[in-house]
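Right, one structure below, let's go through it.
Read the numbers this way: they start at 1 and go in the same order the structure lists the ligands and their atoms. All values below come from the heavy atoms of this structure, side chains included, with hydrogens, waters and symmetry mates left out. The shown structure was predicted, so the numbers you read here are calculated from the model rather than taken from an experiment. Residues take their numbers from the sequence shown, with the count starting at 1.
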Amino acid sequence: MHSFDSFFEPPFERIAEDLSHRGYSVIDCALPDNMTLQLAQRLLQLIRQDDDSMQVAGIGRGDQHSQNRFVRQDKIRWLEPGDKAEKAWLEYMSELRIHLNRRLFLGLFSYESHFAHYRPGAFYKKHLDAFRGQANRVLSTVLYLNNHWQTSDGGELVMYNEDNQLIENITPAYGRLVVFLSEEFPHEVKPAQRDRYSIAGWFRVNTSHNDKVDPPR
Ligand code: OGA
Ligand code: MN
């Protein structure tokens with residue numbers, strides 16, 4: 001079914017185990033090397049194009065959408081299957097979705113994701129990706145595309161538990177994938193000394209009812 005070469009075993013089962021035990025997972029070298037490389041190159045290409053490919057990120061969905069420089073300062077671009085590297089990523093995540101649904105009965109229905117570029121000094125203040133009861137984003141993912149990232153470069157993803165106690169500082173290292181339950185973990189992005197590159201994404205359940213659709217983003 002999937003197109004990975006025989007040397008690469010996707011870490012889907014480890015992610016399922018981690019999610020069921022503690023609600024989040026941190027996986028290094030999560031993708032085949034060439035896939036990570038092509039995504040990193042694609043993001044750099046979009047940034048260099050300098051044609052408004054990358055947009056100032058907002059907060060909130062639909063009518064609630066707004067831009068707020070005090071909350072987040074990254075530039076983003078949503079991934080689309082029209083590009084080869086982007087398509088490979090969306091297919092990989094679709095396979096993860098199928099695996100997690102089979103193992104954990106999460107009922108994940110769709111996946112949306114965007115490239116993100118944080119300039120030096122840019123941050124994203126502590127937030128939750130979803131709010132309880134609003135059954136929208138169920139699972140958050142972040143893949144990091146930063147070559148040779150040093151601890152001293154900063155830019156950590158800081159994870160908190162439901163009581164807002166710090167649980168882990170995660171370095172945005174090249175090829176590292178973080179997956180966590182969107183409603184349970186407040187988190188923030190610390191400012192970095194360098195440009196910081198990633199792909200953030202969310203699995204959603206289907207909250208459409210009757211003829212009222214509930215589009216992602
Ligand atoms: C987000 C987010 C974390 C990161 O985009 O919602 O929290 O480490 N990103 O980039
Ligand atoms: Mn977030």
Side-chain angles (χ1 to χ4, degrees), residues 15 18-19 23-28 30-31 36 39-40 42-44 46-47 54-62 64-79 86 89-90 93 110-132 134-147 149-151 153-162 164 166-204 216-217:
I15 295 171
D18 287 345
L19 287 175
Y24 77 103
S25 184
V26 182
I27 308 274
D28 287 331
L31 312 182
T36 316
L39 287 165
R42 176 66 179 148
L43 175 51
L44 287 183
L46 289 167
I47 291 167
M54 304 292 294
Q55 302 277 344
V56 174
I59 46 177
R61 292 177 56 218
Q64 311 282 300
H65 188 87
S66 68
Q67 291 170 359
N68 185 337
R69 291 206 31 91
F70 299 105
V71 176
R72 69 183 292 191
Q73 301 183 326
D74 54 330
K75 289 184 106 185
I76 66 162
R77 181 185 161 285
W78 294 95
L79 277 78
E86 297 177 37
W89 167 254
L90 295 170
M93 295 314 268
S110 64
Y111 181 72
E112 53 184 341
S113 70
H114 64 58
F115 289 111
H117 174 208
Y118 291 75
R119 301 294 309 276
F123 55 78
Y124 194 161
K125 294 281 188 207
K126 196 203 280 187
H127 63 281
L128 274 174
D129 286 345
F131 294 96
R132 241 179 235 297
Q134 288 190 8
N136 41 26
R137 290 170 166 179
V138 174
L139 210 57
S140 302
T141 68
V142 199
L143 174 76
Y144 298 109
L145 300 170
N146 305 300
N147 270 313
W149 196 269
Q150 308 289 314
T151 316
D153 292 325
E156 300 90 352
L157 168 64
V158 186
M159 301 276 293
Y160 300 87
N161 66 15
E162 285 182 295
N164 281 309
L166 193 151
I167 45 178
E168 196 168 334
N169 274 306
I170 300 169
T171 300
Y174 187 83
R176 174 171 290 171
L177 176 67
V178 182
V179 183
F180 59 93
L181 295 171
S182 306
E183 293 183 346
E184 287 184 18
F185 297 94
H187 54 279
E188 71 180 305
V189 178
K190 292 288 189 187
Q193 311 289 327
R194 298 171 43 185
D195 292 273
R196 181 187 191 274
Y197 306 111
S198 61
I199 300 176
W202 300 271
F203 290 104
R204 292 155 48 87
R217 300 182 194 177

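- In this view, F123 and Q73, K125, P191 satisfy the side chain to side chain contact (heavy atoms under 4.5 Å, CB included) rule, not counting sequence neighbours.
- Contact between H127 and ligand 1 is present, with at least one heavy atom of the residue lying under 4.0 Å from the ligand.
- Taking the ring centre of Y118 as origin, the terminal cationic atom of R196 falls inside the region bounded by 6.0 Å and 45° from the ring axis.
- Between D129 and ligand 1, at least one N/O pair is under 3.5 Å apart.
- Protein heavy atom nearest atom 5 (O) of ligand 1, with residue, atom name and distance: A200 CB, 3.7 Å.
- Annotation: the span from D129 atom CG to F180 atom CZ amounts to 4.5 Å, rounded to 0.5 Å.
- At under 3.5 Å, not a single nitrogen or oxygen of D74, backbone or side chain, sits near a nitrogen or oxygen of ligand 1.
- In this structure, G201 and S113 approach most closely via the heavy-atom pair CA-CB, 3.6 Å.
- Protein atoms that are N, O or S and lie under 2.8 Å from the Mn ion (ligand 2) are these: H127 NE2, D129 OD1, H187 NE2.
- Looking at every heavy atom in both residues, R137 comes nearest to A130 through O-CB, 3.1 Å.
- The side-chain heavy atoms of I15 and L177, taken from C-beta on, include a pair separated by under 4.5 Å.
- Looking only at heavy atoms of the protein, atom 1 (C) of ligand 1 is closest to Y124 CE1, 3.7 Å.
- Only one option out of E188, K126, H187 pairs with Y160 in a side chain to side chain donor-acceptor pair (under 3.5 Å); it is E188.
- At the shortest separation from atom 10 (O) of ligand 1 among protein heavy atoms lies R196 NH1, 2.9 Å.
- In terms of protein heavy-atom proximity, atom 3 (C) of ligand 1 is closest to V189 CG2, 3.5 Å.
- Contacts with ligand 1 closer than 4.0 Å are made by no heavy atom of F185, backbone or side chain.
- Side-chain contact, S182 with W202: no donor N or O sits under 3.5 Å from an acceptor N or O.
- A tilted orientation is assigned to the rings of F203 and Y111, their planes being inclined by 30° to 60°.
- Between Y197 and H117, the angle of the ring planes stays under 30°, which puts this pair in the parallel group of the 30/60° scheme.
- Within the 4.5 Å cutoff, the side chain of L157 has no heavy atoms near those of the P172 side chain.
- Here the heavy atom of the protein found nearest to atom 8 (O) of ligand 1 is Y144 OH, 2.5 Å.
- Ligand 1 does not have Y197 within reach: every non-hydrogen atom of the residue lies 4.0 Å or more from it.
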